Amino acid sequence: MLAITKDSFVALTSNIFAILGLRSLYFALSGIMQLFRYLKIGLALILVFIGVKMLIDHWVDISTIVSLGVIGGVLTISVLASMLVSSPTEKK
């Protein structure tokens, strides 16, 4: 954030509001997390992708469009798989 602005008040307040927004999003998602069984796997894959992207940044340039496509694709596939594949408890 300090790369964008030198004003510490702007940097501090934007980080506080970002944390507050993520906190409310976490509580909203925690209520419906049991509906999406494969979402944890999808989020883990996204974290692995971001980590690998950060490690190979000096050698390989991955564009923002490709990164957003990978993240959106993994999230879409994990949500659709959770909705389409029935759980073992539903079969009984």
Side-chain angles (χ1 to χ4, degrees):
M1 192 67 183
L2 293 176
I4 297 172
T5 182
K6 297 290 185 194
D7 188 6
S8 61
F9 177 74
V10 172
L12 179 68
T13 54
S14 65
N15 284 330
I16 288 172
F17 286 125
I19 290 170
L20 289 174
L22 288 175
R23 183 175 175 241
S24 62
L25 180 64
Y26 170 77
F27 286 116
L29 285 177
S30 68
I32 61 169
M33 194 64 175
Q34 67 272 8
L35 296 176
F36 302 115
R37 294 184 322 210
Y38 298 115
L39 191 58
K40 288 182 183 180
I41 297 170
L43 292 175
L45 288 174
I46 290 171
L47 287 175
V48 168
F49 170 72
I50 292 171
V52 169
K53 181 181 173 189
M54 289 171 64
L55 287 174
I56 65 171
D57 186 43
H58 293 291
W59 301 284
V60 179
D61 184 33
I62 300 175
S63 69
T64 306
I65 300 296
V66 172
S67 295
L68 287 175
V70 169
I71 291 169
V74 168
L75 283 176
T76 302
I77 289 170
S78 64
V79 168
L80 286 176
S82 298
M83 294 170 75
L84 295 176
V85 176
S86 61
S87 67
T89 58
E90 291 177 3
K91 290 182 181 179
K92 293 180 181 180

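No hydrogens, no waters, no symmetry mates; every other heavy atom, side chains included, goes into these values. None of the values given here were measured: they were computed from a predicted structure. One is the number of the first residue; the rest follow in order along the sequence.
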(request) Taking all heavy atoms of Tyr38 and all of Ser82, pick out the closest pair and write down the distance. (result) N-OG, 2.9 Å

(request) Decide whether Ile41 and Val85 are clustered together by the hydrophobic rule: side chain heavy atoms of Ile, Leu, Val, Met, Phe, Trp, Tyr closer than 4.5 Å, transitively. (result) yes

(message) Return the CG to CZ distance between Leu12 and Phe17, rounded to the nearest 0.5 Å.
(response) 10.0 Å

(request) Tell me, yes or no, whether the heavy-atom count around Leu47 atom CG, taken from other residues, nucleotides or ligands under 6.0 Å, exceeds 12. (result) yes

(request) Look up atom CD1 in Ile71 and atom CG in Leu45, then write down how far apart they are to the nearest 0.5 Å. (result) 12.0 Å

(request) Carefully, step by step, assess Ile46 and Val70 under the rule side chain to side chain contact (heavy atoms under 4.5 Å, CB included). (result) CA-CA 8 Å; Ile46 290 171; Val70 169; over 6 Å; no

(message) Taking Leu35 as the starting point, is it possible to reach Leu75 by hopping between hydrophobic residues whose side chains are less than 4.5 Å apart?
(response) yes

(message) Just verifying a value: how many Å separate Leu39 CG and Ile77 CD1, rounded to the nearest 0.5 Å?
(response) 13.0 Å

(message) Please determine whether residues Val60 and Val48 belong to a single hydrophobic cluster, defined as Ile, Leu, Val, Met, Phe, Trp and Tyr linked transitively by side-chain heavy-atom distances below 4.5 Å.
(response) yes

(message) Looking at Lys53, is its backbone amide N or carbonyl O close enough to the side chain of Asp57 to form a donor-acceptor pair, meaning the two atoms are under 3.5 Å apart?
(response) no

(message) Using every non-hydrogen atom in the two residues, find where Gly42 and Ser78 come nearest and quote the distance to one decimal.
(response) CA-CB, 4.1 Å

(message) Working to the nearest 0.5 angstrom, can you tell me the gap between Phe36 CZ and Leu43 CG?
(response) 11.5 Å

